[in-house]
Each structure stands twice: as structure tokens, then as C-alpha cells.
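Comments concern the structure below.
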Protein chains: 2
Amino acid sequence: MSNSEVAELPVLRDGDVVPCCPPITAGELSRADAEKMAAMFKALSDPVRLRLFSKVASHPGGEACVCDIADVGVSQPTVSHHLKKLREAGLLTSERRGTWVYYRVAPSVVAAMAAMLDLRA
Amino acid sequence: MSNSEVAELPVLRDGDVVPCCPPITAGELSRADAEKMAAMFKALSDPVRLRLFSKVASHPGGEACVCDIADVGVSQPTVSHHLKKLREAGLLTSERRGTWVYYRVAPSVVAAMAAMLDLRA
DNA sequence: GAGAGACATCGACAGATATCGAAGCAAGGA
DNA sequence: TCCTTGCTTCGATATCTGTCGATGTCTCTC
């Protein structure tokens, strides 16, 4: 990822919450809001990331270590790469406990995306 | 319908409806479902497309002609390119009436995406 | 400490994507 | 019929993205 272009798109740190953006029917999106929202959707725009995300989301206890979800048909570095993207988008958080790293869903961000898509015309 | 391995990702024609995919917490996503969902999210993963979409969605009457929404900071061919992507993803439909082409939101597809994001842990 | 296992980062590369100018096509008006 | 306007398609190009093997870092065990 090339550093610092136009939109600063700050990298989210684990645990951050983004209460982003009005429903998409509320009016024209500002450029800044559009950038934020696009970044979140982009995080879910890859089949591998989507499968990783759903594995975490559906895992008992609400969290899963990488070893539990890594079987998605790509190499281990690629899995790590995608998990990083999901983390940076604020969709997942990670925590190291001993040997393993556990991921869990950051609910508020996903809820925000769902709210934006709530059409209710 | 569950035949394809490599997921041919058929281009959607205007008016098609995709009743796609279970909630993301319901369990692991199949490869095919992940491909479908990723294609929809990818359509909204660009700031320009997001702004175009919100302009259509928030336009009085639920539809807008290209001339009404084309001011998003990129050239007119680029606008057309993005509208085509949104059409192919099933998020917008288009109809020519005389000189102008009108776009409107395809609600069912967007509702499907919102449903998938409905966490309800 | 040394070794092993679990993840992350690095470097490289093929394929996809966004963007533009130019050209094409359709519809309406002079 | 020709011209203008609205929109799409085409061709070119710079940039981004997904993927992998190799390597680095952390932690636990012996």
C-alpha cells in the first residue's frame, strides 16, 4: 500500500470504533464519507476475506485463532495478508495469547455498514 | 445452481434479482456464496461508485438521469464506466427515455447485502 | 540456550482496475 | 439532412491487488 495519498484513511488500531456515515438514502455522500465507506466495503470485496470473516463471526465464542480459520485455499502468508486488511478496515480485532493469535469481529463497524445499506425507501 | 467450482460470476442483466446468501454469522460461507457476495461488495468498494449510488438512491422519485448525478469529480466516460459496474452488480437498473438514461436502485439486492451484515451475535 | 511451531513481513510478479481522450451511437431540433 | 447533446464504448496506461516463497519474530518446551 502506497503511503499517504490524498485521503489520509488512517489505519485503524485494534479496538477503534468508527461510527461512520449516514444511511445511503439520506442524501448525497460527502467525498470524505464516501472514502471511509468505500474502504470498509473494499475490505469485504474479496472472497477469501469474506470467508475468513464469516469463519470468525460464526466461530463458537465469537473468536477464533488463525489456525482455526486458515483453511480457505490459499497460502499462510496470504491468509495473514487478508486478516491484516480486515484488521486495518476495523472489521476484526486481534489479540495474541501465548502462541496463538485470536481474531474477533468488531460489531459496531459491521453494524454501521448494515445501517448504511438500510434502504427503507 | 451449485455446480460451479470456479464461479463464473455471470453478468447480471438489468432487472435481475439475486436472493443471495445467508447471514454472515450463520456459518462458514461456501466458496460460491463468497464469490457472489464479494462481487456485490466490490461494486460499492469505490468512492466514486458509492457517491453515484447515493445520488441515485437519494434522488426525488427514486431515479435520476446521468446528467443529474455525473458531477462526482471524474470525467464523463469514467462516470459511465462506474454506472456500468453498478448495473452489472445488480445494484442499479437503467432505462432510456428519449434523450436521457435514468438509473434507479434495485432494492432487493441491497437488502440482501444488509441482511448478510446483520450480526445479531 | 536451542529447537519447533504459529503468525507476520518482505520482495516479486501476473492480473485486475480506474482513469482519460477519442470515437461511436442514439435522439431531438434546426 | 445536418448539427448538437447525452451517454456508451474503445484503446492506452499507470496504479493497485492477490498471490506465493523466503525470511523474520514471537512464544513455548526441552
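Computed from heavy atoms alone, side chains included, the values below leave out hydrogens, waters and symmetry copies. Proteins get letters first, then strands, A, B, ... in listed order; numbering begins at 1 in each.
Nearer to the 5' terminus of DNA chain C, by closest-nucleotide assignment, is the contact made by Lys85(B) (compared with the other of Pro77(B) and Lys85(B)). Looking at which nucleotide of DNA chain D each of Val74(A) and Gly98(A) is closest to, the 5′-most match is held by Val74(A).
His82(B) comes within 4.0 angstrom of sugar-phosphate atoms only, judged by non-hydrogen atoms across all strands, and of no base. Nucleic acid contact for Arg97(A): none, since no nucleic acid atom lies under 4.0 Å from a heavy atom of the residue. Tyr103(B) comes within 4.0 angstrom of sugar-phosphate atoms only, judged by non-hydrogen atoms across all strands, and of no base. Using a 4.0 Å heavy-atom distance criterion, Thr99(B) is classed as a sugar-phosphate-only contact.
You won't find any donor-acceptor pair under 3.5 Å spanning the side chain of Gln76(A) and the base of dA6(C), going by distance alone.
Tyr102(B) and Leu83(B) fall into different hydrophobic clusters, defined by Ile, Leu, Val, Met, Phe, Trp and Tyr side-chain heavy atoms under 4.5 Å apart, directly or through other members.
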For this session: Assess whether side chain to side chain contact (heavy atoms under 4.5 Å, CB included) is satisfied between Lys85(A) and Lys42(A), documenting all intermediate values.
Result: CA-CA 9 Å; Lys85(A) 292 248 178 179; Lys42(A) 176 169 279 184; over 6 Å; no
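The CD-P distance, from Glu88(B) to dA16(C), rounds to 15 Å in whole Å. Atoms CG (Asp46(B)) and P (dC16(D)) sit 13 Å apart, rounded to a whole Å.
Atom CZ of Phe41(B) and atom CG of Asp46(A) lie 12.5 Å apart (nearest 0.5 Å).
A salt bridge links Arg97(A) with Glu63(A): the closest approach of a Lys/Arg side-chain nitrogen to an acidic carboxylate oxygen falls below 4.0 angstrom.
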